[in-house]
Amino acid sequence: MIDPKLLRQSTADVARNLARRGHVFDAPAYLALEERRKSLQVQTEKLQSERNSRSKAIGQAKAKGEDAAPLMATVADLGTRLATCQTELQLLLGELRDIELNLPNLLCDDVPDGRNDVDNVEVRRWGVPPEFAFKARDHIELGEVLGLLDFDAASKISGARFAVLHGALARLQRALITFMLDTHTGEHGYRESYVPYLVHAHALEGTGQLPKFAADLFTTGTDTPFYLIPTAEVPLTNFARDIIFDADQLPLRYTAHTPCFRSEAGSYGQDTRGMIRQHQFEKVELVQLVAADASAAALEELTAHAEKILQKLELPYRVVALCAGDIGFGAAKTYDIEVWLPGQQRYREISSCSNCTDFQARRMQARRRNPESGKPELIHTLNGSGVAAGRALIAVLENYQQADGSVAIPAVLQPYMGGAKTLQA
RNA sequence: GGAGAGAUGGCUGAGUGGUCGAAAGCGGCGGUUUGCUAAACCGUUGUACGGUCAAAAGCUGUACCGAGGGUUCGAAUCCCUCUCUCUCCGCCA
């Protein structure tokens with residue numbers, strides 16, 4: 001959520017910032033609502049104040065044994081007038097909140113202009129895409145040759161956009177996850193957490209997936225529905241809900257491995273083959289909770305933590321700064337890390353690292369006490385994949401493939417694979 | 001799944017219709033005393049949203065006793081729904 005004060009005081013600036021994303025903010029309509037809100041709120045509070053003082057007088061009269069009937073007569077119509085005002089005000093506040101909840105975050109100034117992924121700006125590259133003396137296979141073929149990647153079984157059980165991994169390949173994914181968690185907890189100062197995969201709506205509202213992106217989420221059909229988490233960012237970031245941190249408690253760094261569930265509504269026709277885009281996938285997530293003035297540096301740091309994983313796996317990648325039109329709803333600035341996939345001969349997203357500034361914190365009322373002023377102030381939240389395990393698995397398969405269709409195991413993963421050096425069927 | 005108990009400020013905990021934003025204690029902060037520490041004593045102590053103001057401070061209004069509704073002139077207190085916690089029974093990895 002954008003600061004409502006900023007919204008009404010600097011409406012034009014906000015609209016200009018949002019326009020960079022291609023988001024049209026109807027400022028005049030908002031301001032008109034806001035005007036009505038102000039006068040109605042003043043009026044309502046005045047009536048409430050009047051009611052309070054008169055009710056108090058009735059109580060005092062009764063306590064003294066006086067006849068309260070005349071006093072009570074003077075409040076008779078106050079109740080109905082107040083009720084009318086309150087209902088109207090509540091309606092109005094609801095409308096305003098609805099607008100505010102559907103507004104994306106303000107972009108940082110250094111976000112490049114652009115409409116979509118074509119306009120994203122490459123920041124740096126690491127590693128060199130491998131040159132094969134043979135025609136590179138994609139992960140689907142490699143999985144087939146090895147007999148370890150089974151889409152037929154998956155479709156029988158659950159239909160499209162699921163995968164079944166067998167044997168050494170299933171273990172390799174587990175190895176990747178453990179390796180990533182060990183790196184982040186051992187070298188990058190993150191605390192590992194195990195979290196619920198089913199969450200309430202308010203948790204998703206806190207991180208910004210609701211109310212706008214309900215179609216992307218799976219729910220249970222129960223009376224009070226649970227939502228399946230689309231990312232561990234949701235439970236991890238909600239740790240900070242309704243908390244006022246002491247200054248010395250921050251920064252906080254959390255990591256978790258969870259499955260992620262996405263309905264991928266609207267992605268029909270994209271990446272239908274293989275395990276690039278699935279309804280269920282494994283991911284190691286990084287979340288940081290920091291003071292407002294520390295978030296810009298924290299984003300660079302968090303991105304570097306995710307990059308470290310690919311460096312250790314010796315997978316070539318590049319980092320791109322997302323342009324204004326491609327940045328996600330809650331993010332003020334985002335770096336995507338794209339790993340080289342020989343089967344596609346292109347870089348594909350494997351991690352997305354975002355500074356959400358105070359956008360989520362405001363929705364969750366996540367604050368810290370400013371040591372100078374003693375006043376609570378919103379913290380900043382950041383998140384990034386560190387990294388997506390399913391896509392890392394694909395990247396390993398395709399980058400470590402050999403002429404005969406076998407796949408070498410990256411050195412850092414070998415200890416997690418019982419010392420094996422190649423993937424065995 | 002069944003039966004019951006509960007949710008009050010940073011914490012413990014009192015409060016069953018009126019001067020209660022809320023006793024008391026603990027903690028925190030400030031001060032007095034003190035060679036230092038401790039103790040004692042005194043004072044102070046939440047959050048949000050408004051109004052006033054160029055702004056801050058100040059002043060001021062409203063709301064908040066798990067959440068949402070209701071009854072009432074008036075609700076922490078009574079009623080309803082929901083969420084969560086705890087205890088016992090059952091089932092269960």
Side-chain angles (χ1 to χ4, degrees), chain A residues 1-10 30-31 33-101 194-206 210-211 219-227 235 238-250 358 360-379:
Chain A
M1 217 160 92
I2 297 173
D3 183 0
K5 270 190 196 130
L6 199 69
L7 219 45
R8 63 182 101 107
Q9 283 167 8
S10 315
Y30 179 81
L31 285 177
L33 275 179
E34 182 46 40
E35 266 311 301
R36 279 178 57 210
R37 186 228 100 226
K38 190 195 260 189
S39 66
L40 198 55
Q41 181 167 347
V42 170
Q43 193 186 347
T44 304
E45 290 184 356
K46 204 177 275 176
L47 285 172
Q48 281 173 324
S49 171
E50 202 173 323
R51 180 205 59 194
N52 288 348
S53 59
R54 297 208 188 176
S55 291
K56 209 169 260 186
I58 290 172
Q60 283 167 342
K62 284 197 170 173
K64 283 186 228 153
E66 293 166 6
D67 180 15
L71 277 171
M72 284 173 70
T74 66
V75 260
D77 72 317
L78 220 132
T80 51
R81 279 196 294 157
L82 182 57
T84 314
C85 279
Q86 276 173 332
T87 333
E88 205 183 323
L89 180 63
Q90 222 156 47
L91 219 66
L92 211 51
L93 288 174
E95 276 180 68
L96 283 165
R97 184 166 174 81
D98 197 49
I99 292 174
E100 287 158 8
L101 283 178
Y194 169 80
V195 296
Y197 304 160
L198 296 173
V199 298
H200 280 149
H202 68 262
L204 287 151
E205 190 175 296
L210 287 179
T219 68
T220 62
T222 46
D223 286 343
T224 48
F226 285 109
Y227 291 80
N238 272 279
F239 283 173
R241 170 175 292 273
D242 292 328
I243 291 179
I244 301 177
F245 294 101
D246 290 330
D248 59 7
Q249 287 179 277
L250 302 179
D358 61 8
Q360 299 178 322
R362 183 170 291 106
R363 290 170 169 236
M364 295 188 303
Q365 282 303 297
R367 292 164 291 175
R368 69 154 199 159
R369 196 166 293 281
N370 184 307
E372 277 90 51
S373 67
K375 295 269 191 285
E377 62 185 20
L378 294 169
I379 61 167

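This structure is a prediction, so every number in the text was calculated from the model and none was measured. Lettering of chains follows the sequences in order, A, B, ..., and the numbering in each one begins at 1.
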### Task
Considering non-hydrogen atoms only, spot the tightest contact between A/Glu95 and A/Leu33 and give its length.
OE1-CD2, 3.6 Å

Quick check: does any side chain N or O of [X] sit under 3.5 Å from a backbone N or O of [Y], one acting as donor and the other as acceptor?
| X | Y | value |
| --- | --- | --- |
| A/Asn238 | A/Ala203 | yes |
| A/Asp246 | A/Asp248 | no |
| A/Ser49 | A/Glu45 | no |

### Message
Both distances below 3.5 Å, Watson-Crick or wobble geometry, any strand: find the nucleotide opposite B/rA14.
### Response
none

## Note on the structure
Partner of B/rA54 under the Watson-Crick or G-U wobble criteria, both distances under 3.5 Å, comes out as none

#### Entry: Comparing A/Val75 and A/Phe226 on RNA chain B - which has the more 5′ nearest nucleotide
A/Val75

#### Entry: Residue closer to the 5' end of RNA chain B, A/Arg8 versus A/Ile58 (nearest nucleotide)
A/Arg8

Could you state the atom-to-atom distance from [atom1] of [X] to [atom2] of [N] in whole Å?
| X | N | atom1 | atom2 | result |
| --- | --- | --- | --- | --- |
| A/Lys62 | B/rG74 | NZ | C1' | 9 Å |
| A/Leu89 | B/rC49 | CG | P | 15 Å |
| A/Leu71 | B/rC73 | CG | P | 14 Å |
| A/Gln86 | B/rU62 | CD | C1' | 10 Å |
| A/Ile244 | B/rU45 | CD1 | C1' | 14 Å |
| A/Leu82 | B/rU71 | CG | P | 13 Å |
| A/Gln48 | B/rA75 | CD | C1' | 14 Å |
| A/Arg54 | B/rU19 | CZ | P | 18 Å |

Review item, nucleotides 54-61 of chain B N/O atoms under 3.5 Å of protein N/O:
| residue | atom | partner | partner atom | Å |
| --- | --- | --- | --- | --- |
| B/rG61 | O3' | A/Ser49 | OG | 3.4 |
| B/rG61 | N2 | A/Glu45 | OE1 | 3.1 |
| B/rG61 | N2 | A/Glu45 | OE2 | 3.3 |

### A/Lys56 (side chain) and B/rG18 (base): donor-acceptor pair under 3.5 Å
no

Taking [M] as the reference, what is the distance to [N] when you measure between their [atom1] atoms (whole Å, please)?
| N | M | atom1 | result |
| --- | --- | --- | --- |
| B/rG9 | B/rA22 | C1' | 9 Å |
| B/rG1 | B/rC91 | C1' | 8 Å |
| B/rA14 | B/rG25 | C1' | 11 Å |
| B/rG13 | B/rG17 | C1' | 22 Å |
| B/rU87 | B/rA76 | P | 31 Å |
| B/rU77 | B/rG21 | P | 13 Å |
| B/rA40 | B/rC26 | P | 9 Å |
| B/rG61 | B/rG70 | P | 27 Å |

### Task
For A/Arg51 and A/Leu82, run side-chain contact (heavy atoms from CB on, under 4.5 Å): C-alpha distance rounded to whole Å, both residues' side-chain angles, the deciding distance at 0.1 Å, then the answer.
CA-CA 9 Å; A/Arg51 180 205 59 194; A/Leu82 182 57; 3.4 Å; yes

### Task
Not counting sequence neighbours, which residues clear ring pair (Phe, Tyr, Trp, His ring centres under 6.0 Å) with A/His200? List them please.
A/His202, A/Phe226

### Query
With a 4.0 Å cut-off, would you call A/Arg54 and A/Glu50 a salt bridge?
yes

### Query
Going by atom types alone, do A/Gln90 and A/Gln86 pair a side-chain donor with an acceptor below 3.5 Å?
no

### Message
So, taking the atom named CG in A/Leu89 and the one named NZ in A/Lys38, what distance separates them when rounded to the nearest 0.5 Å?
### Response
14.0 Å

### Query
What distance separates A/Leu378 CG from A/Asn370 CG, expressed to the nearest 0.5 Å?
12.0 Å

Which donor-acceptor pairs under 3.5 Å do the side chains of residues 361-368 of chain A make with protein atoms, sequence neighbours left out?
| residue | atom | partner | partner atom | Å |
| --- | --- | --- | --- | --- |
| A/Arg362 | NH1 | A/Met1 | O | 2.7 |
| A/Arg362 | NH1 | A/Asp358 | OD1 | 3.4 |
| A/Arg362 | NH2 | A/Asp358 | OD2 | 2.9 |
| A/Arg363 | NH1 | A/Glu205 | O | 2.8 |
| A/Arg363 | NH1 | A/Leu210 | O | 3.2 |
| A/Arg363 | NH2 | A/Leu101 | O | 2.6 |
| A/Gln365 | NE2 | A/Arg362 | O | 3.2 |
| A/Arg368 | NE | A/Glu377 | OE2 | 2.8 |
| A/Arg368 | NH2 | A/Glu377 | OE2 | 2.9 |

Within the sub-3.5 Å range, which N or O atoms of nucleotides 10-12 of chain B have a protein N or O partner, and how far apart are they?
none

#### Entry: With sequence neighbours excluded, residues passing salt bridge (charged side-chain N to carboxylate O under 4.0 Å, His left out) with A/Arg241
none

### Message
Categorize A/Pro4 for me: base, sugar-phosphate, or nothing, with a 4.0 angstrom heavy-atom threshold over every strand shown.
### Response
nothing

## Note on the structure
Per-nt protein contacts along nucleotides 64-69 of chain B (heavy atom under 4.0 Å; B base, S backbone sugar-phosphate only, - none) come out as -----S

### Query
Can a side chain N or O of A/Arg369 be found less than 4.0 Å away from OP1 or OP2 on B/rU45?
no

### Query
Hey, mind stepping through A/Tyr227 and A/Leu198 against side-chain contact (heavy atoms from CB on, under 4.5 Å) and telling me if it holds?
CA-CA 5 Å; A/Tyr227 291 80; A/Leu198 296 173; over 6 Å; no

